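Take a look at the structure set out below.
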Amino acid sequence: MSLTISTWNINSVRLRIETVKRFLAETSPDVLCLQETKSPDEFFPLDALAELGYRHTMIRGMKGYNGVAILSRLPITASGSEDWCGRQDCRHVFAEINGIEIHNLYVPAGGDIPDPELNPKFAHKLDFLKQTEAWFRAQRTASKPMILVGDLNIAPLEHDVWSHKQLLTVVSHTPVEVDLLGRVQASSDWHDAVRHFVPATEKLYSWWSYRNRDWDASDRGRRLDHIWITQPLVPHLKAASIHRPIRGWEVASDHVPVTVTLDV
DNA sequence: ATGGTTGGGGTCCAA
């Protein structure tokens, strides 16, 4: 049997619930992880998802900003969340499904100025990454079957951005962030499940700004959304994909879903 | 160097 998991920064789940339903109908992953749901839990459209078979949920939202959710067709046997940086800003949940612990993260975007002295949002982003790294080092072992997904708001590789040279000083691709993301990746010996199938020399994006006249033609994308797995799951990797055409759907998010399939 | 667009909540902030 196989396990398919998708991650998607939906940029308001209430505004885009029809888009979510279309994606689930077409792709039918076993688990969908969302970020930037922008919905308090009491207003989350759970009924529409239950109708499609996603009856097991772990959601954590707030008014207006952030918010993460795990929606599953398979039972959730354990769940929880962490508050890195102590802000209660709804950037992490986890759920155990089929004996695999799935972590869903929304890393702070970090503002515009890549200097923690001048920009508190960038300082928050760096602190969040440091605390995430420390948490996995202290609380989990790399031998545990785990999946980490989410909008990590960092494009680590040269070909995860449209122009490595031009983006070296742009928040999401600066060396200090990429270095810290590498430390998070080392914390549980995480393996990039998407680059597993796509050579590092090939351009690969999951996000295109709203601020381009024609996102498809200019193609100035970045790979901000990721799926990582721990080593015990690596031999079980079957496929990975980034759903680029969804960026062109009506009322599109600026991010598209990323999907990985494992045999379990 | 600048500005471009979108969402949410409310006449501006975050991305």
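Since the model is a prediction, treat every value here as computed from it, not as a measurement.
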Distance check, C1' atoms only: B:dG7 and B:dT11, in whole angstrom units.
15 Å

Taking B:dA14 as the reference, what is the distance to B:dG4 when you measure between their C1' atoms (whole Å, please)?
16 Å

State whether A:W162 and A:R220 meet the cation-pi test: NZ (Lys) or CZ (Arg) under 6.0 Å from the six-membered ring centroid, and within 45° of the perpendicular axis.
yes

Take the protein atom NZ of A:K125 and the nucleotide atom P of B:dA15, then report the distance between them rounded to whole Å.
10 Å

Under the 6.0 Å and 45° cation-pi test, does A:R222 pair with A:Y205?
no

Report whether A:L3 and A:W228 are members of the same hydrophobic cluster (ILVMFWY, side-chain heavy atoms less than 4.5 Å apart, transitive linking).
no

Rounded to whole Å, the NZ-C1' distance (A:K121 to B:dC13) equals 7 Å

If you measure from the C1' atom in B:dG9 to the same atom in B:dA15, how many Å do you get, rounded?
15 Å

Please say whether more than 12 non-hydrogen atoms of neighbouring residues, nucleotides or ligands are located less than 6.0 Å from CG in A:D112.
no

When you look at CD of A:E42, are more than 12 heavy atoms from neighbouring residues, nucleotides or ligands closer to it than 6.0 Å?
yes

Whether each nucleotide of nucleotides 1-9 of chain B has a protein heavy atom under 4.0 Å at its base (B), only at its sugar-phosphate (S) or at neither (-) is summarised, 5' to 3', as ---BBSSSS

Ring pair (Phe, Tyr, Trp, His ring centres under 6.0 Å): which pairs involve residues 17-52 of chain A, sequence neighbours left out?
A:W8-A:F23, A:F23-A:H243

I'd like the P distance from B:dT5 over to B:dA1, given in whole Å.
22 Å

Taken to the nearest whole Å, CG/A:D254 to P/B:dA14 is 17 Å

